[in-house]
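Everything on this sheet refers to the single structure shown next.
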Amino acid sequence: MATTAETELTFTSREHPSPATPEDRAAILANPGFGTNFSDHMVSIDWTEGQGWHTAVIGPREPLSIDPACAVLHYAQEIFEGLKAYRQADGGIAFFRPEANAERFNMSARRLAMPDLPEEVFVESVKRLVDADRAWFPTVEGGSLYLRPFMFASETFLGVRPAKQYKYLVIASPAGNYFKSGAPAVSIWVSADYIRAAPGGTGAAKCGGNYAASLVPQAEAIERGHDQVVFLDAVERKWVEELGGMNLYFVFEDGTLLTPPLTGTILPGITRDSLLTLARDEGLAVREERYSIDQWREDANSGRLVECFACGTAAVVTPVGQVASRDGEFTIGSGGPGQLTEKLKSRLVSIQRGEVADPHGWVTKLGD
Ligand SMILES: *Cc1c(COP(=O)(O)O)cnc(C)c1O
């Protein structure tokens, strides 16, 4: 890769003057939950028009001071990533495909008219944070350190145009155990009144605005007694797309798999992509094809569809047992976790944790 001013960024380190006490940290790490507790440090890098990326700091996690006219607060020019650092079988720490997150971050940046962050800076930033906060690994079996890189328009300006100043930050949150197998199946609600993404919109970008738009339909799902919402395409309101934050897979009785294609309205999940490869490694046929809600119901009722699961970094693989819409409910297979779902999940988790060989070079060790 070309040497640019950006790739020569040097990080300044500042230790936290008053990190969490070992007792407080131990209490959090024994029961970390998700997204409510954070490590002591954070990464911060600034971008200014004309100057590019500068002032890279790994320092204490602390509140930001921003002007009330800060552009992101008004026009939502913001993107993020989500990845985990995993404790390895050999005691080390590793990341799973962090360069894929770096690449997707830049894809999102381009869609939101934001500057690219060199991929090696992205990867270095997450490595530095995990290195500084090694003490924040959950002690519970299967725990991980969830990393949240994000970028927002930090310019003080109310005009509508791409900002001339941005902040890139990374924070870390200890995450609890997601079961390696036997995760309970979820029930999902098919949104009829709302869509997540339209052709030409921001569906393929990981931006906060997509999530803001999904909160009402997600709340509707919860209100009706379901766990998650599933969105249909915006044009025909017919093709199954994805959940608010997870991609979908369908497993048929002949052993084939199907996942909706990346047409621009679906977020290109790294878990989705990894499972595509792992399934093909197993000799399974995987089709990336559109699948309609009517076909889904028919196949579940006829028994042709035997399993269905959602996938994403946070929970890896979540079986879908029930689907409900205004036209009624249907159950997939036994309504519980299916065999192939469990097998693929276990395969992926074993690679992430360094318990088996890594044939695709997906694992990056902290020291690498
Ligand atoms: C992040 C995300 C996913 C899952 O992506 P992974 O890279 O597998 O974590 C799926 N759908 C949406 C809308 C997302 O934001």
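Both ligands and their constituent atoms are indexed starting at 1 by order of listing. Keep in mind that this is a model prediction, so the values were computed, not measured.
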Closest protein heavy atom (residue, atom, distance) for [atom]:
atom: atom 15 (O) of ligand 1; answer: Tyr211 OH, 2.5 Å
atom: atom 9 (O) of ligand 1; answer: Thr313 OG1, 2.6 Å
atom: atom 3 (C) of ligand 1; answer: Gly245 O, 3.3 Å
atom: atom 8 (O) of ligand 1; answer: Thr271 OG1, 2.6 Å
atom: atom 5 (O) of ligand 1; answer: Gly269 CA, 3.4 Å

TODO: Pick out which of Val229, Leu232, Asp327 makes a side-chain contact (heavy atoms from CB on, under 4.5 Å) with Val190.
DONE: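 Of Val229, Leu232, Asp327, side-chain contact (heavy atoms from CB on, under 4.5 Å) with Val190 is met by Leu232 alone.
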Task: Result of checking Asn101, Asp358, Leu348, Val349 against Phe96 for side-chain contact (heavy atoms from CB on, under 4.5 Å) - done: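 Of the listed residues Asn101, Asp358, Leu348, Val349, the side-chain contact (heavy atoms from CB on, under 4.5 Å) partner of Phe96 is Leu348.
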Task: Test item, Gly244 contacting ligand 1 (heavy atom, 4.0 angstrom) - done: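 A heavy atom of Gly244 does come that close to ligand 1.
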TODO: Determine, using heavy atoms of Gly82 and all atoms of ligand 1, whether some pair is separated by less than 4.0 Å.
DONE: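 No, Gly82 has no heavy atom closer than 4.0 Å to ligand 1.
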Open item on the list: Strictly below 4.0 Å, N to O, side chains only: are Asp133 and Arg25 in salt-bridge contact?
Closed with: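 Looking at Asp133 and Arg25, the cut-off is not met.
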TODO: Fit a plane to each ring of Trp296 and Tyr291, take the angle between them on a 0 to 90° scale, and name the class: parallel (under 30°), tilted (30 to 60°) or perpendicular (over 60°).
DONE: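 The rings of Trp296 and Tyr291 sit tilted, inter-plane angle from 30° to 60°.
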Open item on the list: Heavy atoms only: which of Glu242, Lys84, Arg196 lies closest to atom 12 (C) of ligand 1?
Closed with: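 Going through Glu242, Lys84, Arg196 one by one, Glu242 has the nearest heavy atom to atom 12 (C) of ligand 1.
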Task: Nearest-option assignment for atom 7 (O) of ligand 1, heavy atoms, candidates Arg272, Arg104, Met246 - done: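 That would be Arg104.
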Open item on the list: Can you tell me if Glu15 has over 12 outside heavy atoms packed within less than 6.0 Å of its CD?
Closed with: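 Incorrect, the count does not exceed 12.
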Open item on the list: Asn247 versus ligand 1: do any nitrogen or oxygen atoms come within less than 3.5 Å of each other?
Closed with: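 No; the residue has no nitrogen or oxygen that sits under 3.5 Å from a nitrogen or oxygen of the ligand.
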Task: Heteroatom proximity flag, Ile270 to ligand 1, N/O under 3.5 Å - done: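 Yes: some nitrogen or oxygen of Ile270 is under 3.5 Å from one in ligand 1.
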Task: Closest contact, heavy atoms only, Met151 versus Met114 - done: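 Nearest heavy atoms, Met151 then Met114: O-CE, 3.5 Å.
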Task: Charged tip of Arg196 within 45° of Phe231 ring normal and under 6.0 Å - done: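 Not flagged: Arg196 not positioned over aromatic ring of Phe231.
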